[in-house]
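Data first, discussion second: the structure below is written as structure tokens.
All chains are named by letter (A, B, ...) in the order of the sequence lines, taking the proteins before the strands, and each is independently numbered beginning at 1.
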Amino acid sequence: MRYLPHTQEDIREMLAVAGSPSLDGLFDTIPDSVKTKHGLNLPEPLTEWELNDHMEKLASENIACKGYTCLIGAGSYDHYIPAIIPYLVSRSEFATAYTPYQPEVSQGTLQGIYEFQTMVTDLLGMDIATASHYDCGTALAECALIALRKNRKANKIAVSDLVHPSHRQVIETYLKPTGYEMVLIPHTARGLTDTAALEAMADIAGVAVQSPNFFGHIEDLAAFRKIADSKKILFITSFTEALAWGVLKNPGSFGADLVAGEGQSLGIAKTFGGPGLGLLAGTSKLMRDLPGRLVGRTKDTNGQDGYVLTLSTREQHIRREKASSNICSNNGLNAMTAAMYLSTVGKIGIREIAQLNHDKAVYLRSALTAAGFTPVFDSPFFNEFVMKVPEGFKKKRADLIHRHCLFAGLDLTPFYPELTDHYLFCATEKISRQQMDQLAKEVA
Amino acid sequence: MRYLPHTQEDIREMLAVAGSPSLDGLFDTIPDSVKTKHGLNLPEPLTEWELNDHMEKLASENIACKGYTCLIGAGSYDHYIPAIIPYLVSRSEFATAYTPYQPEVSQGTLQGIYEFQTMVTDLLGMDIATASHYDCGTALAECALIALRKNRKANKIAVSDLVHPSHRQVIETYLKPTGYEMVLIPHTARGLTDTAALEAMADIAGVAVQSPNFFGHIEDLAAFRKIADSKKILFITSFTEALAWGVLKNPGSFGADLVAGEGQSLGIAKTFGGPGLGLLAGTSKLMRDLPGRLVGRTKDTNGQDGYVLTLSTREQHIRREKASSNICSNNGLNAMTAAMYLSTVGKIGIREIAQLNHDKAVYLRSALTAAGFTPVFDSPFFNEFVMKVPEGFKKKRADLIHRHCLFAGLDLTPFYPELTDHYLFCATEKISRQQMDQLAKEVA
Amino acid sequence: MTRQPGTKGLIFNEPNVWDKSREGRCAISLPRADVDRAPLDPSLTGEAPNLPQLSELDVVRHYTRLSQWNFGVDSGMYPLGSCTMKYNPKTNEVQAARQGFAGAHPLAGDEFSQGALRLMYDLEKYLAEITGFAGVTLQPAAGAHGELAGMLIIHAYHAKQGKQRSKIIIPDTAHGTNPASATLCGYQSINLKSGPKGILEPEAVAAVMDEDTAGIMITNPNTLGLFEEHIREICDIVHAKGGLVYGDGANMNAIMGVVKPGKVGIDVLHLNLHKTFSTPHGGGGPGAGPVAVTEELIPFLPVPRVEKELDSFRFVSDCPESIGRLHTFYGHFGVMVKAYAYILSMGAQGLLDVSRLAVLNANYIKESLKGTLNLPYDRPCMHECVFNDAHQKKHHITTMDMAKRLLDYGFHPPTVYFPLVVEGAFMVEPTETESKEDIDQFIDAVKAIAKEAQTDPEKLTSAPVLPKVTRLDEVAAARKPCLRG
Amino acid sequence: MTRQPGTKGLIFNEPNVWDKSREGRCAISLPRADVDRAPLDPSLTGEAPNLPQLSELDVVRHYTRLSQWNFGVDSGMYPLGSCTMKYNPKTNEVQAARQGFAGAHPLAGDEFSQGALRLMYDLEKYLAEITGFAGVTLQPAAGAHGELAGMLIIHAYHAKQGKQRSKIIIPDTAHGTNPASATLCGYQSINLKSGPKGILEPEAVAAVMDEDTAGIMITNPNTLGLFEEHIREICDIVHAKGGLVYGDGANMNAIMGVVKPGKVGIDVLHLNLHKTFSTPHGGGGPGAGPVAVTEELIPFLPVPRVEKELDSFRFVSDCPESIGRLHTFYGHFGVMVKAYAYILSMGAQGLLDVSRLAVLNANYIKESLKGTLNLPYDRPCMHECVFNDAHQKKHHITTMDMAKRLLDYGFHPPTVYFPLVVEGAFMVEPTETESKEDIDQFIDAVKAIAKEAQTDPEKLTSAPVLPKVTRLDEVAAARKPCLRG
Ligand SMILES: Cc1ncc(COP(=O)(O)O)c(C=O)c1O
Ligand SMILES: Cc1ncc(COP(=O)(O)O)c(C=O)c1O
């Protein structure tokens, strides 16, 4: 096999040195009772060429291969990715390196991630960003745990029911064994998290609100900060569409204590939902409570600038059972990708692309309204919005998929059973006016 | 535009230093009468995203995008290319470098090409291989010129009429202004170059024979060497299918003086015919007559091994009008690609793949014979062969293209008018038995 | 001694990306605006984030230069113990990049995602076969995430038994993520010393295992590279007391086709696709940490599960006993594609050969170097072997000094100071994809360094000299953290 | 002075690829044999070529390490005069790699190659518009090949006039390929001195131009980076004597949208797509050298030609006056795709800006360095400027010393000792894609080196010290050529 360099002669010579009569002999320390009698039952190995055919066949069983039009967001967004990014990130010096335990030969990764941390803090207006987390859901769960751990008196965390449904499920999974509890904050008729309901809640350790929320609406984060202050609890915000911060006031400006976000929009392909990029940021006060790796700047013995993994006394490999989290590998290469994306769009590009997303969403919303859809909520949104669809839309939607490979929104019923016939639509910079007009015509 | 880094401020500052009031002012030395009055009339610039759509549309107007089955060779062959090769050759240190004029920072290119030269000499059994030429046709023309220049008495070059028709045309183009002449050697009923006809030819400076020839047949090169000796002329061989040398006796073993070949089969995509890879090899005796770059091994001031471009006194940038050729840029990156391919297949792989090509060709030939095709010639072949097709094949062939995207052979009439209803077929390692059986069924 | 790979070359200084920024530059091709501007209410909008403004070439040059400061598996031997830094096949990247996979939206619907679902379903099957378990989830995003999943399953299991337990046994050789993951489930870690042979002794386990102990976390082969020979007895002891056995499968590369953990008493096991199954580590991930379980524990696996009906596949979420959801969508699908491609490329015999040759390489190194470096546990090892700096102490040379000096020789150092049970551990895992010549070169390098430790210790204490930077001040970095520019 | 880019780093020694070979290894995935072996007659078969036997990782590591010894445009500024080393956009590579292009067989037939034909047809149109000519061929495989095509056309033109001519005028500033190409057509090169201003003087041309002279080869802007201001008069003089004017368009990057060579009297012009039109040079090619001609010369263009009928395209070969075929198929189509993508990305204004900024960068460098280095022709330049080492001579420092020292500063040196009219030429072409900061850094570097030349000449004569190897013995290489391992 081409990945295995050993020639018969190599094996003979090496066995002699290793002091084993045979390859099987190398496993003599393993009791026979423990060894498997009947090897592995797997498909015949494929050649590189058979593999290509097989994989292309599989890939072609996904609609995506047809280059479809995606008006679905809900945590995974369809944005342009510049050609330079896949090229640069696939350079093996980045892709085939391990976590930078040996900083002298990892400065590329380390400076890159340091720059990532910096650009993320700029994007979010926060003091500190970690070197990445798995995804927004797991990052948000970690934030909830921080809030709960820091608050000796309360054991509940209040979470908006307009936080991404999957993220709420992940929080539940993380909390289940801990005795902590998640309480849901309902939403108002305007599709915003109900501040009054939160006000009324007692002994909670923190509050988590997503903005733009799952309906795409921009929450009044200032109000939540106020309530959090009055309750002396941590204020956590999350988001699934990182590009929103190209135009919206960032979480830091509202005084968020912790921010969990999804960075997939920043140059990372949708890839059926993962790997994405968990963004996790906090205030300096919480520095030592943050989970996962942090890259810091320092000097070498010649006084030259350099970068290292730092504050590892928070981490499992030092603190073991007392660590702030169990995370070890994170989503480093996707963090590097996001850094490349942010450097590529820059201050001008991110603003323009963010605005374009909003422009298209506004256009699509009015086009659909004109086509007989009902705009359900009147709250400001970024690039997603909810519409009540007219009779027979379900069928038209199926047609659109088969005829134009166009996915017209996401049915909200599975997520909010009360919202039958409500769909969540998303428009990004990739959708053309003509596509939107055509859609409106077809569904009218 | 994202490729142009200049900010307005940069331009202002730089103009001040340059001493020009404006960008237009930079062109004041150009007489107005020479300047164009009405700029350029070109399409509106496309964004990266519009370009992607536009290019995919163009690409999709080529049958190739459908992943077609190609039973055509004739100088461009359909072989497997390992995934590592496009990755490695696209590394910018290779791709974005110029010709290695500064050896200290070009050792990657230089050692790589030195290894290419070495592996090509191994493949062909020759003393010296150049750093590459444009393609086989131009390399062959250069070989013809060498033979003619070295022979004061004769001004004709004898060329087999089974040398690739395009290559013969290129030779003609190169000879036209020189007063030299190309005389064709006819072929026998067995589809081989007619040695007797060559024997009979007078005052020729050299003879060029392709093997495997355009019909795919393996020529008796020893016979031509003998005749060349008797006439004291240079013996040139050429080939279009480099993989043949994985199994066939190489040109050097027959005493060829010069070899011109096409290296496209060595890991290079067909790319509508170019860029391919011109291979050019010769005996040590002819070293100083060879056209183009050569890489040689030497030492640096610390006695360390290193590589440089050498023997440049043959070349245009030193010898100018007295140079052995006018070639400057060659097909370097494709030479690097071929080196990677040869290192990947290795001694075992090239033999096995070459044999597979032959096995499949033999299978296809008998399958077609069984289907009513007539094998016209009985000479040994490598992976191409000629068949006389039955009634109505033309139409069936067109059907196969439209229904299965299968190209069943190449009509020889345009190249050899006497060979109506004769097709040249090619089978490579990529054709499966099942595909060949199906073809045979459909055309029976 | 053959010529060592390390040498000096021209690379490039490169400032922080924002230092190259100039007002007005933009490296992205801005999409055409084909609809009217729809300004947001000013009360909602903020300043544009202060991102660097560059040209496309600036960006390309910046990251090209940064990459050249890095060491990857493609650059040289990377014998990082416990990390299985094997060759990452390029064809895997080609497969994962296919539009049908990379472009797939997670909520397109089962009907339109059959290729992805089929791949996940089959990959679960293959991993179940390789590990000898009944069920597998691919959802965990990394090894530690897989451990958490496993702990949650064990926790849910005990909850279902009606009585939760408070403790879990963790050997001193365990990876730090093990106790950290246990803590996340509220379990108190009971530290268990391994025996003189470097493996667990059943008596020791019996001594601490009780009805209030949820179970044990065992890494097998353990982080000393030794096979836990008493695994069966240990499992029996734990089971007898109603506990479950968690297996850390990060070291599965040693025993594919030889031992099926699911058949020897282990109840839950996680794998690292970014180790055993050749997916690139990416300088810190993303990886994937699938979890395999026994029949009895399948109901607890996270949702959604992939199920097959006739020849079509769907996600199923109504699993009342499930621990719930661990990832926003289905885990790191892009990583799964690569592992799937690897398994199909290797086949059964290929994976067996992988383990045999990984173990051969490790034992060859162990035997070749045990005269040079101290070998605390001198026994046949599996895929890695752990030395330490005992012999070098007298020259005031530490494992770290030797590691840094290896950089000058052109090798990535082994894992150092782990596992904790070996003081000054020097943990070498060559993996099966390193050739004998490269390994011999590595052995020569270590021997040369050991000699330098006696004759020329300065060379080690001042190492490395070849990389772009010399040793970095990690203390200062932690004392006054500078985490952003 | 800002910090210079050049620094030292860890890279790797790597032997020749065959030194890593071990009997029995094979790095390719061998296709399955699904038909019977059909052995060839032993009299026809030979030994398998003795190619290296490696694993896939061996191959990947070998070429990864080699690549790290190289300097490309992505690594740093590459101001190689006359070579237009501008940024090579990555999107161009994506376009050329599309299956529909990369997989296309040249003999699939026009009907099945419409996309490729349309692209070639439109690219010809765009290049004709940019150069101001009536017709274009894309077939020449490189600049020199384009020159040959042009010379053949001129030769065919005179043949058609009934009287062939024997000479061609070539200025002393011309690139070596010019006279070499002329020789291939049997023309004797008449060397023409450029005037004191570094450009051609009409009188000088008139003095040598006669009825036996086929024409003149002019590079405009010339290789001194100066625009041939008298181009019109010169063309008139040549035409008056029945000659034709060949234009070497390798320097077209200076004048796009400013001057259309076809409109000022030039009859034939070649372009270098791998210079002006951003296709990568690949360490020596492949490039492409399209040739543009006047209406009158179109019949002589090489075959096949691409023609349009209604909205479909076809190759046409029955052109009785054509010089014939120059390439086995249609030239370097893959390179054409990239140039086409570049032109569509830039548009008319973009290409004009390219030339303006390329000229701005060159003049900025010229003015900034003319105090430091001797500037033989102190006049406004186009896209490049040519200094020499006159000021450094007194310190026994040559242009080569300065060039090598630049490597230690992290810059690729300019073109040296060309053009020949300037002794010790130091020819700087920054191109438009270099930013002011990078150019300022380069200027600082040259100034620092000029200072070193006075204070510390050793630093220059022993340069470079940072790259993997120091200066190489080219004399020995040529005296005892070792051209294979
Ligand atoms: C033995 C062991 N267990 C668990 C882990 C954690 O895996 P991950 O880094 O993917 O979370 C590692 C990784 O180093 C390991 O070596
Ligand atoms: C002025 C000039 N003419 C012609 C050429 C030859 O071009 P090519 O190397 O593509 O053959 C060059 C290349 O350096 C050049 O600079």
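Note: D:C185 SG to B:K176 NZ = 10.5 Å, rounded to the nearest 0.5 Å. Taking CD1 from D:I231 and CD1 from B:I30, the interatomic distance works out to 11.0 Å, rounded to the nearest 0.5 Å. Summarising the geometry, atom NE2 belonging to B:H54 is positioned 9.0 Å from atom CD belonging to D:Q95; distances are rounded to the nearest 0.5 Å. Expressed to the nearest 0.5 Å, how far CZ of B:R351 lies from CG of D:L30 amounts to 13.5 Å. With values rounded to the nearest 0.5 angstrom, D:L66 atom CG is found 8.5 Å from B:T109 atom OG1. Taking CD from B:Q102 and OG1 from D:T415, the interatomic distance works out to 8.5 Å, rounded to the nearest 0.5 Å.
For D:L184, the parts sitting under 4.5 Å from any heavy atom of chain B are the backbone and the side chain alike. Neither the backbone nor the side chain of D:A182 comes within contact range of chain B; no heavy atoms are under 4.5 Å apart. For chain B, the nearby parts of D:L483 are the backbone and the side chain; heavy atoms of each come within less than 4.5 Å. Of the two parts of D:H175, the backbone and the side chain both hold a non-hydrogen atom closer than 4.5 Å to a non-hydrogen atom of chain B. For chain D, the nearby part of B:E44 is the backbone; its heavy atoms alone come within less than 4.5 Å. D:R37 touches chain B through backbone and side chain together, each having a heavy atom under 4.5 Å away. Only the side chain of D:Y87 comes within contact range of chain B, with at least one heavy atom under 4.5 Å from a heavy atom of that chain. Of the atoms belonging to D:F227, it is side-chain heavy atoms, and not backbone ones, that fall under 4.5 Å from chain B.
Looking only at atom types and distance, the side chain of B:S343 has a donor-acceptor partner in the side chain of D:Y63 under 3.5 Å away. When only modelled atom types and interatomic distance are considered, B:T138 and D:H327 share no side-chain donor-acceptor pair under 3.5 Å. Side-chain contact annotation: B:H6 with D:D353, donor-acceptor N/O pair under 3.5 Å absent.
Contact tally against chain B (heavy-atom pairs below 4.5 Å) for D:D74, D:N363, D:T183: the top residue is D:D74. No other option in D:K263, D:Q349, D:R232, D:M256 has as many heavy-atom pairs under 4.5 Å with chain B as D:R232.
Remark: the backbone N or O of D:V469 is not paired with any side-chain donor or acceptor of B:D300 at under 3.5 angstrom. In terms of modelled atom types and a separation under 3.5 Å, the side chain of B:Y80 and the main chain of D:S29 share no donor-acceptor contact. Side-chain N or O atoms of D:D473 include none that pairs as donor or acceptor with a backbone N or O of B:K299 at under 3.5 Å. Looking only at distances, a side-chain donor or acceptor of B:T173 sits under 3.5 Å from a matching main-chain atom of D:R325. In this structure a side-chain-to-backbone donor-acceptor pair under 3.5 Å is present from D:N70 to B:E93. Not a single donor-acceptor pair under 3.5 Å links the side chain of B:D359 to the backbone N or O of D:V35.
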Derivation of the salt bridge (charged side-chain N to carboxylate O under 4.0 Å, His left out) call for B:K35 and D:E229: CA-CA 11 Å; B:K35 288 186 185 150; D:E229 302 171 15; over 6 Å; no
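In terms of heavy atoms, B:F272 sits closest to D:H105 at CD1-O, 3.8 Å. Closest approach of B:A323 to D:A180, counting heavy atoms only: CB-CB, 4.3 Å.
Two rings, from B:Y134 and D:H145, have their centers less than 6.0 Å apart. For D:F112 and B:Y68, the ring centers sit 6.0 Å or farther from each other.
Using cut-offs of 30° and 60° for the angle between ring planes, the B:Y114 and D:W18 rings count as tilted.
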